[in-house]
Amino acid sequence: MRATRRFEALIDGHHAMVARICASYERDPELARELAQEVWLAVWRSLPAFRGEASVRTFVARIAQFRAASHVGARLRVPPGAELDPALPAPGPLPDTQAIAADRRERLLEAVRQLPIAYRDPVILTLEDFTPAEIAEVLGVTANVVSIRLTRARALLRAWLREAP
Amino acid sequence: MTLPDGEWTTLKAAWRESPPPPIDVAALRAGLRWRALWSWTYLVIEVSGWLLLAFLAVEQWRMGESGVAAALALLTVAAAAASAWARRSALTGAPPTVVGMLDLAIARARRGVRFAFANYVMVAATALYLAAMYGSGIGAPDAAYRDPQRVLVVAAVLAAYAAATAVYHRRARHRGRRLRAVRSEITADGDVLPSGEHA
């Protein structure tokens, strides 16, 4: 019972991050939701082995990144005809500001999806407010490699976002 | 419309602008319960299978068919060992990094491929053994391994097992290849092109 409550607290606190990570790897909204469920099942199974050697957020992010990366492999999965996730914006007509915000986020998400995994991983974690040292800890590479990749990835993102119509 | 300008502060703000898709916690819990139930059911089926094989081995041994009994005992031990191996947690023992998890998953995929090869050898040896016993003049004329119908059933079971192993083998090989590609991209020292190739 205590484990269930702990797990639900984890979902409450970190589902937004997990959902964003999954959406960055899987464009199909339904598959992204399934991937998020897979991540949470993996978190549930790994919880007994979690000894607090890292923060809970790092623990969840690590599992989400691993599951997402092994889900898509080296290539981005692009299902034919997949469009924006209808669950992302609120249902019904949106106020202008919300519509603009949703569109802006979708363009950013699309640009992140274009990045190779080597860049995408650190970018996603940076956008989730992880420091380069924390990202290095999550991924298992050096902080120097993370910093170099972030610099290059930001240049790519900047160029792509400027090119966006 | 204003796009994020490529600076981390504005990118972070844009990243969190829309709410994530909701998650149905009740459905997730129900899914966990179903998985646990299915896992237990599957374990019961597996254990029943081993017990049946062990029972058949003992029966064959009591009937004096020590060769068949030995083959069945070997199958029982192999099936039990394979089951115990497959049931280990996917992430247990992994270093606490994504690369560590990938290494463990790659190692498991490699072991899966080896396990498939071991299965092929076991199926081939069992088939050869049965064929030799069927075709030879060893033992009583009414022995079980001389009955064409029984031999046909055993051959069908072996063929189904080999087919299932082939599917498992293919999946393990593809999974290993895919994970190795991801790992090499994450850990590469050199520059990475937008295509994902290394410069």
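Just so it is clear: chains get the letters A, B, ... in the order the sequence lines come, proteins before strands, and each one is counted from 1.
Panel note: side chain Arg105(A), backbone Ala13(B); no donor-acceptor pair is recorded below 3.5 Å. Here the side chain of Arg175(B) pairs no donor or acceptor atom with the backbone of Ser70(A) at under 3.5 angstrom.
Smallest separation of non-hydrogen atoms from Thr97(B) and Glu137(A): CG2-O, 3.3 Å. A pairwise comparison of heavy atoms in Arg149(A) and Glu185(B) identifies NH2-O, 3.7 Å as the closest pair.
Most heavy-atom pairs under 4.5 Å with chain B: of the set Leu41(A), Leu150(A), Asp12(A), this distinction falls to Leu41(A). Contact count versus chain B (heavy atoms, under 4.5 Å) is highest, among Val141(A), Asp129(A), Thr142(A), for Asp129(A).
The same ILVMFWY cluster, assembled from side-chain heavy atoms under 4.5 Å apart, contains both Trp40(B) and Val47(B). Each of Leu35(A) and Trp40(A) belongs to its own hydrophobic cluster when Ile, Leu, Val, Met, Phe, Trp and Tyr are linked at side-chain heavy-atom distances under 4.5 angstrom. If you chain together hydrophobic residues whose side chains sit under 4.5 Å apart, Leu102(B) and Val113(B) never meet in one group. The same ILVMFWY cluster, assembled from side-chain heavy atoms under 4.5 Å apart, contains both Ile63(A) and Ile117(A). Under a hydrophobic-cluster definition in which Ile, Leu, Val, Met, Phe, Trp and Tyr are linked whenever side-chain heavy atoms come within less than 4.5 Å, directly or via other members, Leu47(A) and Val39(A) are assigned to the same cluster.
Residues Leu11(B) and Val123(A) have side chains not in contact (no heavy-atom distance under 4.5 Å, counting atoms from C-beta outward).
One finds the OG1 atom of Thr126(A) at 10.5 Å from the CH2 atom of Trp15(B) (value rounded to the nearest 0.5 Å). Between the CD1 atom in Ile186(B) and the OH atom in Tyr119(A) there is a gap of 13.5 Å [rounded to 0.5 Å]. Separating the CG atom in Leu108(A) from the CZ atom in Arg16(B) is a distance of 12.0 Å, to the nearest 0.5 Å.
For a residue to count as touching a neighbouring chain, one of its non-hydrogen atoms must lie under 4.5 Å from one of that chain's; by this rule Phe59(A) does not touch chain B. In this structure, the portion of Val112(A) lying under 4.5 Å from any heavy atom of chain B is its side chain and not its backbone.
In Phe55(B), the CZ atom is not crowded: 12 or fewer heavy atoms of neighbouring residues, nucleotides or ligands sit closer than 6.0 Å. The number of heavy-atom neighbours closer than 6.0 Å to CH2 of Trp50(B), taken from other residues, nucleotides and ligands shown, is above 12.
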